Amino acid sequence: MSYDSENIFAKILRGEIPCDKVYENDHALAFNDIGPQAPVHVLIIPKGEYVSSSDFSATASDAELAGFLRAIHAVAEKTGVLESGYRLIANAGEDGHQEVPHFHVHLVGGRRIGRMIQRAD
Ligand code: AMP
């Protein structure tokens with residue numbers, strides 16, 4: 001799947017639409033999800049054009065990979081969930097219910113999140 005530079009996160013990265021920024025480094029941006037599903041619900045995205053977690057893992061540079069992972073830690077620290085715990089979610093493709101085709105990780109916490117996978121039926 002080729003990268004769609006008109007996706008909503010690409011527009012956020014270009015500053016065309018605003019976001020509620022939580023953290024930023026050279027390779028990643030983190031902002032609050034517009035439809036939070038927990039008291040803490042932050043999206044962490046790489047600044048490069050990567051469609052999915054596989055795309056990012058397979059093709060990003062070591063510096064981008066490191067910057068992204070360190071951003072996740074910084075967000076957990078900044079949002080105060082390091083001790084209480086949190087969950088990272090990366091949806092990919094149709095079965096994974098990925099809505100925005102720019103790789104992102106959801107960091108959710110601030111309450112008991114419950115079991116990992118909810119039954120769809
Ligand atoms: P996913 O299903 O993993 O692709 O999730 C996409 C997420 O992006 C959803 O949780 C949306 O609420 C969130 N989202 C969509 N548009 C925006 C936006 N403009 N700012 C912040 N979060 C957004």
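Hydrogens, waters and symmetry mates are skipped; everything else that's a heavy atom, side chains included, is used. Note that this is a predicted model, so its numbers are computed, not measured. Numbering of residues begins at 1 and proceeds along the displayed sequence. Numbering of ligands and ligand atoms starts at 1, following listing order.
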Kindly say whether the aromatic ring centers of F31 and Y23 come within a distance under 6.0 Å.
->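 Ring centroids of F31 and Y23 are no less than 6.0 Å from each other.
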
Starting from [atom], find the nearest protein heavy-atom neighbour and note its residue, name and distance.
| atom | result |
| --- | --- |
| atom 13 (C) of ligand 1 | D33 OD2, 3.4 Å |
| atom 4 (O) of ligand 1 | E99 N, 2.6 Å |
| atom 15 (C) of ligand 1 | I34 CG2, 4.1 Å |

Judged by atom type as modelled, is there a donor-acceptor pair below 3.5 Å linking the side chain of R87 to the main-chain atoms of G114?
->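 Checked: pair present.
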
Q98 (side chain) donor-acceptor with G93 (main chain) under 3.5 angstrom = yes

Numbered atoms of ligand 1 (with element) below 4.0 Å of [X], judged on heavy atoms:
| X | answer |
| --- | --- |
| F31 | 21 (C) |
| N91 | 1 (P), 2 (O), 3 (O) |
| N32 | 21 (C) |
| H106 | 1 (P), 3 (O), 5 (O), 7 (C), 10 (O) |
| H97 | 2 (O) |
| G35 | 12 (O) |
| H104 | 1 (P), 3 (O), 4 (O), 5 (O), 6 (C) |

Side-chain contact test, heavy atoms from C-beta onward, threshold under 4.5 Å: evaluate it for Y50 versus H102 and give yes or no.
->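 Result no, sub-4.5 Å side-chain heavy-atom pair not found.
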
Flag the pair H106 / L43 as yes when at least one side-chain heavy-atom distance between them is below 4.5 Å, and no otherwise.
-> yes

Please say whether V100 places an N or O atom under 3.5 Å from an N or O atom belonging to ligand 1.
->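 Checking ligand 1 against V100, an N or O pair does fall under 3.5 Å apart.
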
Inspect the contact between E24 and K47 and indicate whether a charged nitrogen and a carboxylate oxygen are less than 4.0 angstrom apart.
->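 Salt bridge present between K47 and E24.
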
Does E77 come within less than 4.0 Å of R70, counting only side-chain N to carboxylate O?
->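 R70 and E77: not salt-bridged.
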
Name the one of V108, D20, I72, T79 that satisfies side-chain contact (heavy atoms from CB on, under 4.5 Å) with V42?
-> T79

May I ask you to identify, for F9, whether its side chain, its backbone, both or neither come under 4.0 Å of ligand 1 on a heavy-atom basis?
-> side chain

Under 4.0 Å from ligand 1, counting heavy atoms only, is it the side chain of L43, its backbone, both or neither?
->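 The part of L43 near ligand 1 is the side chain, not the backbone.
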
Any idea which heavy atoms bring F103 and A90 closest together, and the distance?
-> CE1-CB, 4.1 Å

